[in-house]
2 protein chains.
Amino acid sequence: MQFLQQSFAVSFDYKVFFTTAVFSRDNTLIADFFKELGPDISSRKLLFVIDEGVEKAHPDLLESIKDYFAVHSGPQLVDHFIIVKGGEETKNNDTQLNKILEATNKYGIDRHSYLAAIGGGAVLDMAGYAAAIAHRGVKLIRIPTTVLSQNDSGVGVKNSINHFNKKNFLGTFRPPVAVFNDDLFLHTLDDRNWRAGISEAVKVALIKDAPFFLWIQEHAAALNRRDSAAMEKLIFECARLHMEHIAGADPFESGSSRPLDFGHWSAHKMEQLTRYELLHGEAVAIGIALDTIYSFLVDYLPEADMLQVVRLLLDLGFELEHPVLAQTNSLLTGLHEFSEHLGGRLTIMLLEGIGKGIDVHDIDQEKFIQAVHMLKTLTKKEM
Amino acid sequence: MQFLQQSFAVSFDYKVFFTTAVFSRDNTLIADFFKELGPDISSRKLLFVIDEGVEKAHPDLLESIKDYFAVHSGPQLVDHFIIVKGGEETKNNDTQLNKILEATNKYGIDRHSYLAAIGGGAVLDMAGYAAAIAHRGVKLIRIPTTVLSQNDSGVGVKNSINHFNKKNFLGTFRPPVAVFNDDLFLHTLDDRNWRAGISEAVKVALIKDAPFFLWIQEHAAALNRRDSAAMEKLIFECARLHMEHIAGADPFESGSSRPLDFGHWSAHKMEQLTRYELLHGEAVAIGIALDTIYSFLVDYLPEADMLQVVRLLLDLGFELEHPVLAQTNSLLTGLHEFSEHLGGRLTIMLLEGIGKGIDVHDIDQEKFIQAVHMLKTLTKKEM
């Protein structure tokens, strides 16, 4: 048998910066990032894609960006901003995607040029997908504007749009070249979006870092009253844990284990069943509660730990009761869809302690329904 | 300044197998490939996408595949074959792409399942792109059926479709999990397709391997009379040189240098100007001749070497005269488009000897037009 063996590795490196007012003239962070790339940068182009909601909440944003690149040297700013719809809607068909692809063609954004996306997780997913497929990949800069995108999706390696009515059916694994987390964008979030992203921090603390869980408990009140310092710390730690996980294990998810999806299998289904009326982070909070109670019901997790988790989610202001929870059969079909999207053997993370996850390959449907009922009881009792 | 540094590497490994009659019962190559993946393979699925032209030329193919997977254990064969149009047409809009995406959805092809594409370079490009974006990537097996795809595009890491009337505008870098080069498919190629792929071997010999160039000279007559042994050797060496280049330098082409595109900038434009009436390999043969003559005209390459190259291309039966060569201005716009698709600084490979390429960053338009005229003269004289 004759064959040729191909073997190579591709390195990916990027920084996630934390800053305030990234486009104010005297903030040289982005200018310095480009300067480090050498003199060739002046021949590159830079196209901005901006979430419509962010533009409305920050009416000076476009002018600030123009002003910034007029003052600082760097790539050539494309003098036209691509404004796209925000929220999950932006991923539901290819209208917004095509808008970006047309702009990359029209303005000659090539593989050495930059697409900078400013927005929430959905816009970053969709714009990142456009950047991944245009010319087999133009350089992507992410500027996430929500808690959820700053601490989770925006710092990772995935992009996608929905297709065939399935979440993230089309997409690629492709890291950005840089991420700029600007806390100024958080100030204009409504309370729901401020809170929603906190659930991903609870999630990653539960599976990986008990001291961080304790820290969140201690700062629940501060987070609730929108304390900036507490939120910045929460985002930093959560982003760090997510990034460490991605680098350490299986960046492009070739295996079946996805610990970062703790609490997510039912969450994805709840989002879909509520037509995305539930925000991703809100659904994840309910999903965490369910999988935590389930972990207790199958004797992995002590009752006291389980109660602490539910208590914290309630203290953070999450609604753990929702009409969608009555559709237990529909929720359980989410198990199958989750498994199909990932492929391979069903692998669900449960808890065997706070800060300690465990992979299982089967969910007992009766016990899951029991968990739904127990959540209802606990929520009533605790509130 | 606060930041988190992300750094990781992703390894890619695959084999390119050389075999005869890959789906005959007693050829265990594919069965062995799957067996090595362990017992889990029986829970995976396998979907075939087949080039319409290949199916017509091999009327027993579908039955052979069914028979093969009935006899050998392995993944679950999807009992429906996706037949797609062949040739560049398959890449010109998303009709064929959508056909494949719909099948991956309908038959539940997940990230651990396999899409096997059988066909020429265009079908492999298009089906590979579908595999790259469905569920952020399902596993791709390539079974190339033309000289060009067996020795060049099919063994590499790229996929794409055309968009905005631009070749390969959409695509990704994503390696297959295996490639099976079956020489049986070559026997049914028409003379044009048999010959066309040889130009990529001449190209890679010219920039990397003088002894291989000599070997091609010595076997030009055998290749012309469709000698199988000569063609197998040519394909193996050409695939080896392409694969070594990909692994050694810059697999996902983050830089500006693309030596494997020697002779290609004008070839891409000639394909487009002739509406793909010229096959890729035929256009590359003319492109090689032009860039070789140009290399002589700018004093990089000795005249004797230049004459050897033109002589060999003619000996191999390539037509180096074509009406499209009259459109020199249109050809020269290809320089700009080539540079835009790659991005960054214009980088064109020329020759400074047989087996020795050199990057230049500028093409003298007058000298290029002179090269076109000289090619005409030489072709007349030599033929």
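Just so it is clear, the values below take in all heavy atoms, side chains as well, and ignore hydrogens, waters and symmetry mates.
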Checking heavy atoms, do the side chain of B:Ala247, its backbone, both or neither come under 4.5 Å from chain A? both
Closest heavy-atom pair, A:Gln6 versus B:Met243, reported as atoms and distance to 0.1 Å, is NE2-O, 2.9 Å
Minimum-distance pair of heavy atoms, taken over all atoms of A:Ser7 and B:Asp13: OG-OD1, 2.7 Å
Honestly, the part of B:Val179 sitting under 4.5 Å from a heavy atom of chain A is neither
Best-contacting candidate, A:Gln5, A:Lys139, A:Glu244, against chain B by heavy atom pairs under 4.5 angstrom: A:Gln5
Taking every heavy-atom pair that is under 4.5 Å apart, which of B:Ala9, B:Gly171, B:Pro251, B:Ala239 has the most such pairs with chain A? B:Gly171
Closest approach of A:Phe164 to B:Leu101 (non-hydrogen atoms, all atoms of both residues): CE1-O, 3.5 Å
Count the heavy atoms belonging to other residues, nucleotides or ligands that lie under 6.0 Å from NZ of A:Lys99, then report whether that count exceeds 12. yes
Interatomic distance, NZ@A:Lys166 vs NE2@B:His135, rounded to 0.5 Å, equals 6.5 Å
Hey, what's the ring geometry for A:Tyr14 with B:Phe8, parallel, tilted or perpendicular (30° and 60° as the breaks)? perpendicular
Enter the distance from A:Ile133:CD1 to B:Ile161:CD1 here, rounded to the nearest 0.5 Å. 8.0 Å
Rounded to the nearest 0.5 Å, the CD atom of A:Glu253 sits from the CZ atom of B:Arg111 at a distance of 5.0 Å
Please report the shortest heavy-atom distance between A:Phe3 and B:Phe18, naming the atom on each side. CA-CD1, 4.2 Å
Portion of A:Phe236 that has a non-hydrogen atom of chain B nearer than 4.5 angstrom: both
Between the NE2 atom in B:His163 and the CG atom in A:Asn98, the distance rounded to the nearest 0.5 Å is 5.5 Å
Which answer fits B:Asn159, side chain, backbone, both or neither, if we ask what part of it has an atom under 4.5 Å from a heavy atom of chain A? backbone
For each of B:Asn105, B:Thr172, B:Asp250, tally heavy-atom pairs with chain A at distances under 4.5 Å, and name the one with the top tally. B:Asn105
Measure the spacing between CZ of A:Phe252 and CZ of B:Arg174 and express it to the nearest 0.5 Å. 10.5 Å
Of the non-hydrogen atoms in B:Ser254 and A:His112, which two are nearest, and what is the gap between them? O-CE1, 3.2 Å
For B:Lys45, which atoms come within 4.5 Å of any heavy atom of chain A: side chain, backbone, both, or neither? neither
